Chemist: 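One structure follows; several queries about it will come next.
Quick caveat: nothing in here was measured; it's all calculated off a predicted structure. The first residue of the sequence shown is numbered 1, and numbering continues consecutively from there.
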Amino acid sequence: MRFGRCAGWLVILFLLAVIAGARAQSFGFPWWRDAQFQKDLSLTGDQSGRIDAVFQSSIAPLRQKREELDQQEAELSRLIAANADEAVVVRQVDKVEGIRASLNKHRTLMLLRMRQVLSPEQRVKLNKLYEQWQKDHKRPDNKQGRQ
């Protein structure tokens, strides 16, 4: 029992590390094509091309999932506005959240595959660049309208 619990924690820690590392590549623009990022990371042309190939193979399915999510969220809003039966709303919520989970999973895997192209040193540099980019592009907190 003790080994199983330790193994479980190790898996959780590993997944958190992967997710945290994958987040570090979520700049919101194709950073691997940016001359300054290429210079700062010592990114080779081959690496840039391989990262771009991962992105290109992932972007169409991600966009499709995003459109599906938007459609299903609109349907959920319609059901709520129409005061639909709770069971119907619950089924739609489950559908929306399933699509959202799938979208996030595919995005995270894309970022992981992009990250795997980099050397360990480049990953450390990328994390630092991401932290700086976040500071420079911080969005205002928009919690006022949320409940």
Chemist: Measure the CZ-CD distance between R78 and Q92 for me, rounded to the nearest 0.5 Å.
Modeler: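 Rounded to the nearest 0.5 Å, the CZ-CD separation comes out at 8.5 Å.
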Chemist: Roughly how far, to the nearest 0.5 Å, is CG of L111 from CD of Q116?
Modeler: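 Going from CD on Q116 over to CG on L111, the span is 11.0 Å.
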Chemist: Transitively linked via ILVMFWY side-chain contacts under 4.5 Å: V90 with L79?
Modeler: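 The answer is no; the residues belong to distinct hydrophobic clusters.
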Chemist: Within the distance-only criterion (no hydrogens, no angle test), does the side chain of E73 pair as donor or acceptor with the backbone N or O of V96 below 3.5 angstrom?
Modeler: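 No.
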Chemist: Does any N or O in the side chain of R123 come within less than 3.5 Å of the main-chain N or O of L118, such that one atom is a donor and the other an acceptor?
Modeler: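 Answer holds: yes.
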Chemist: Tell me whether W32 is reachable from V124 by hopping between hydrophobic residues (I, L, V, M, F, W, Y) whose side-chain heavy atoms are closer than 4.5 Å.
Modeler: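 Different clusters: V124 never reaches W32 through Ile, Leu, Val, Met, Phe, Trp or Tyr contacts under 4.5 Å.
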Chemist: Please round to the nearest 0.5 Å and tell me the distance separating atom CZ of R100 and atom CZ of R66.
Modeler: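 It comes to 7.5 Å.
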Chemist: Is there a donor-acceptor pair closer than 3.5 Å between any side-chain N or O of Q38 and the backbone N or O of T44?
Modeler: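 Pair absent, no side-chain N/O of Q38 close to backbone of T44.
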Chemist: With rounding to the nearest 0.5 Å, note down the distance linking CG in N104 to CG in L62.
Modeler: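 That separation rounds to 10.0 Å.
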Chemist: I'd like to check W31 versus L43 (side-chain heavy atoms, cut-off strictly below 4.5 Å). Are they in contact?
Modeler: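 Yes, at least one pair of side-chain atoms sits under 4.5 Å.
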Chemist: Quick check against the 3.5 Å criterion: does S102 have a side-chain atom that pairs as donor or acceptor with the backbone of G98?
Modeler: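 It does not hold such a pair.
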Chemist: Is any side-chain N of the basic residue among D52 and R33 closer than 4.0 Å to the acidic one's carboxylate O?
Modeler: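 Yes.
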Chemist: Identify the two heavy atoms, one from Q47 and one from S42, that lie closest to each other, and give their separation to 0.1 Å.
Modeler: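 Looks like OE1-O, 3.9 Å.
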Chemist: In Å and rounded to the nearest 0.5 Å, what is the CZ to OG1 distance from R113 to T108?
Modeler: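 Answer rounded to 0.5 Å: 10.5 Å.
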Chemist: Could you check whether atom CD of E86 has more than 12 heavy atoms from other residues, nucleotides or ligands sitting under 6.0 Å from it?
Modeler: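 Result for CD/E86: open.
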Chemist: Can you measure from CD (E75) to CD (Q71) and round to the nearest 0.5 angstrom?
Modeler: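 E75 CD to Q71 CD: 10.5 Å, rounded to 0.5 Å.
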Chemist: Tell me whether K128 is salt-bridged to E131, with the criterion being a basic N under 4.0 Å from an acidic carboxylate O.
Modeler: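 Result for this pair is no, no salt bridge flagged.
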